[in-house]
K.L.:
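The structure follows.
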Amino acid sequence: MEIFKKVKKVNYEGSKSDNPFSFKYYNPNEIVAGKPMREQLKFALAYWHTLCAEGTDMFGPGTANKSFNTSDPMEHAKAKAYAAFEIMDKMDIDYFCFHDRDIAPEADTLRETNKRLDVITDLLDDLMRQTGKKLLWGTANCFSNPRYMHGAGTAPNADVFAFVAAQVKKAMEITVRLGGNGYVFWGGREGYETLLNTDMGFELDNMARLLKMTSEYARSIGFKGDFYIEPKPKEPTKHQYDYDAAAVVAFLRKYDLTRDFKLNIEANHATLAGHTFQHELRYARVNGVFGSIDANQGDLLLGWDTDQYPTNVYEAALCMYEVLKNGGFTNGGLNFDAKERRGSFEDEDIFLGFIAGMDTFALGLKIADKMIQDGRIDKFVLDRYSSYRSGIGAKIVSGEATIKELEEYALSMEDVKTNVSSRQEYLESVMNQIMFN
């Protein structure tokens, strides 16, 4: 059963091709930095945007028809599964991701909902066996249903806490059964609107309790992958506890969760937090919690999460620079948490969005490799801190220097006369040279 009949398999044709349904830069078997592109990039289809988002916004209904010619909820769920695997086949994408409520509709009771999930899990399992496609990570939608209006793991109602625990348990079981490499916790409503009605300390404690009990359960049933927390500062909640990478790292350290938990970094969430994409990736990397990436971009002229397909090559290059510096992905990958614009409503636009994003990150990968091979930026940074490799600097780093010794040293030199330029403009021009030479 072919759903997207107007689109054939998308192949690499090179930068000279004028075929819109071809890759200009993504050549999956091309070796970059010692591995094929498909291994370095590990692209994944996001079920929720690709198969569920219909272009709805706060001012109007959807513009895209993703009913797949069925109105029955379970038949629609099955059609979405077939559509997902057709897209992955035609786009040569190896992985996918989903929320539980993306793959099967919620019923009137949790018991009936779980039965529906079992039916679709069986279908996904069959399709994965037939095609060799893999699950990058699974997660649970613990933010859409009105029961989560005050939060899920941080809700003031213990019944809500029990419900979310049961929902996450089931999503974990599905992830394990389908061989997922990761499991994501996104705290869409884990936060507050006003502190006047909020016990912040208690809510954070409860969130840690949920993470511990569900992750321990996952390990007990054989989960070998990583658990991820995805930072986001706001929207839908005014202030979310997983505000940015730094807030999440502090949380993980406080509750002794750093052994099992890493971060899933999204470009658009980084900019909403007032950071660059590279900043959030670097912070996660240097703190040993880099895990996976939601590949998209936001519009800096808009103050919300626009989830656009990534086309900013500069950002993609700096992203892949951090990935390569990390030694590549372990269990994570590049999940396209991106959707077509409201005006891009035809089926073909789904494929054109993926092509744009995959080509952008292919370029980013090649540029990042050139940055490392070129060596000028890395050497400049190394040299900038050279004063810490000898003399008083080496004693500071080794821990031998005392505060009194540093005072004596400072008094002897009277004032600092050894500062040198940071050469920001030069380094930015080097980046341009590497990108466009």
K.L.:
So does R285 pair up with E322, basic N to acidic O under 4.0 Å?
P.N.:
yes

K.L.:
Given the rule in the ring pair (Phe, Tyr, Trp, His ring centres under 6.0 Å) test, do F23 and Y25 qualify, once you have shown the distances and angles that lead to the verdict?
P.N.:
CA-CA 6 Å; F23 294 120; Y25 304 101; over 10 Å; no

K.L.:
Any donor-acceptor pair under 3.5 Å linking the side-chain atoms of Q308 with those of N296?
P.N.:
no

K.L.:
Looking at D244 and K232, is any side-chain nitrogen of the basic one under 4.0 Å from a carboxylate oxygen of the acidic one?
P.N.:
no

K.L.:
Checking ring-ring contact (aromatic ring centres under 6.0 Å, His included) between F4 and each of F351, F21, Y82, which is the one that passes?
P.N.:
F351

K.L.:
Under the ring pair (Phe, Tyr, Trp, His ring centres under 6.0 Å) rule, what do F143 and W186 come out as? Steps first, then yes or no, please.
P.N.:
CA-CA 9 Å; F143 46 87; W186 178 60; 4.9 Å; yes

K.L.:
Does the side chain of F98 reach to within under 4.5 Å of the side chain of L135, using non-hydrogen atoms?
P.N.:
yes

K.L.:
Do the ring centers of F361 and Y26 come within less than 6.0 Å of each other?
P.N.:
no

K.L.:
side-chain hydrogen bond (donor to acceptor under 3.5 Å, both in side chains), that's the test. Do E340 and S344 meet it? Break it down for me.
P.N.:
CA-CA 6 Å; E340 310 82 56; S344 301; over 6 Å; no

K.L.:
Does a side-chain heavy-atom distance below 4.5 Å link R189 with Q240?
P.N.:
no

K.L.:
Look at R38 together with D94 and state whether they make a salt bridge at an N to O cut-off of under 4.0 Å.
P.N.:
yes

K.L.:
Going through the checks in order, is the side chain to side chain contact (heavy atoms under 4.5 Å, CB included) test met by L334 and M320?
P.N.:
CA-CA 10 Å; L334 286 164; M320 293 311 300; 4.1 Å; yes

K.L.:
Identify whether the distance between the nearest side-chain nitrogen and carboxylate oxygen of K238 and E193 falls below 4.0 Å.
P.N.:
no

K.L.:
May I ask you to test the M128-F96 pair for a side-chain heavy-atom distance under 4.5 Å?
P.N.:
yes

K.L.:
Determine, step by step, whether K133 and L127 satisfy the side chain to side chain contact (heavy atoms under 4.5 Å, CB included) criterion, reporting the C-alpha distance in whole Å, the side-chain angles of both residues, the deciding distance to 0.1 Å, and the verdict.
P.N.:
CA-CA 8 Å; K133 304 302 181 184; L127 291 170; over 6 Å; no

K.L.:
Between the side chains of N141 and S144, does any donor sit under 3.5 Å from an acceptor?
P.N.:
yes

K.L.:
May I ask you to establish whether K42 and Y95 are in a cation-pi arrangement, using a distance under 6.0 Å from NZ or CZ to the six-membered ring centre and at most 45° from the ring axis?
P.N.:
yes

K.L.:
Is any NZ, NE, NH1 or NH2 atom of the basic residue among R177 and E173 found under 4.0 Å from an Asp or Glu carboxylate oxygen of the other?
P.N.:
no

K.L.:
Could you tell me whether the side chain of P231 reaches within less than 4.5 Å of the side chain of L263, counting heavy atoms only?
P.N.:
yes

K.L.:
So, are R219 and E216 salt-bridged, with charged N and O less than 4.0 Å apart?
P.N.:
no

K.L.:
Distance from L178 atom CG to R129 atom CZ, nearest 0.5 Å?
P.N.:
9.5 Å

K.L.:
Taking atom types as modelled, find out whether D72 and T70 have a side-chain donor-acceptor pair closer than 3.5 angstrom.
P.N.:
no

K.L.:
Any chance the side chains of E106 and T113 put a donor and an acceptor closer than 3.5 Å?
P.N.:
no

K.L.:
Hey, would you say the Y309 and F354 ring centroids sit under 6.0 Å apart?
P.N.:
yes

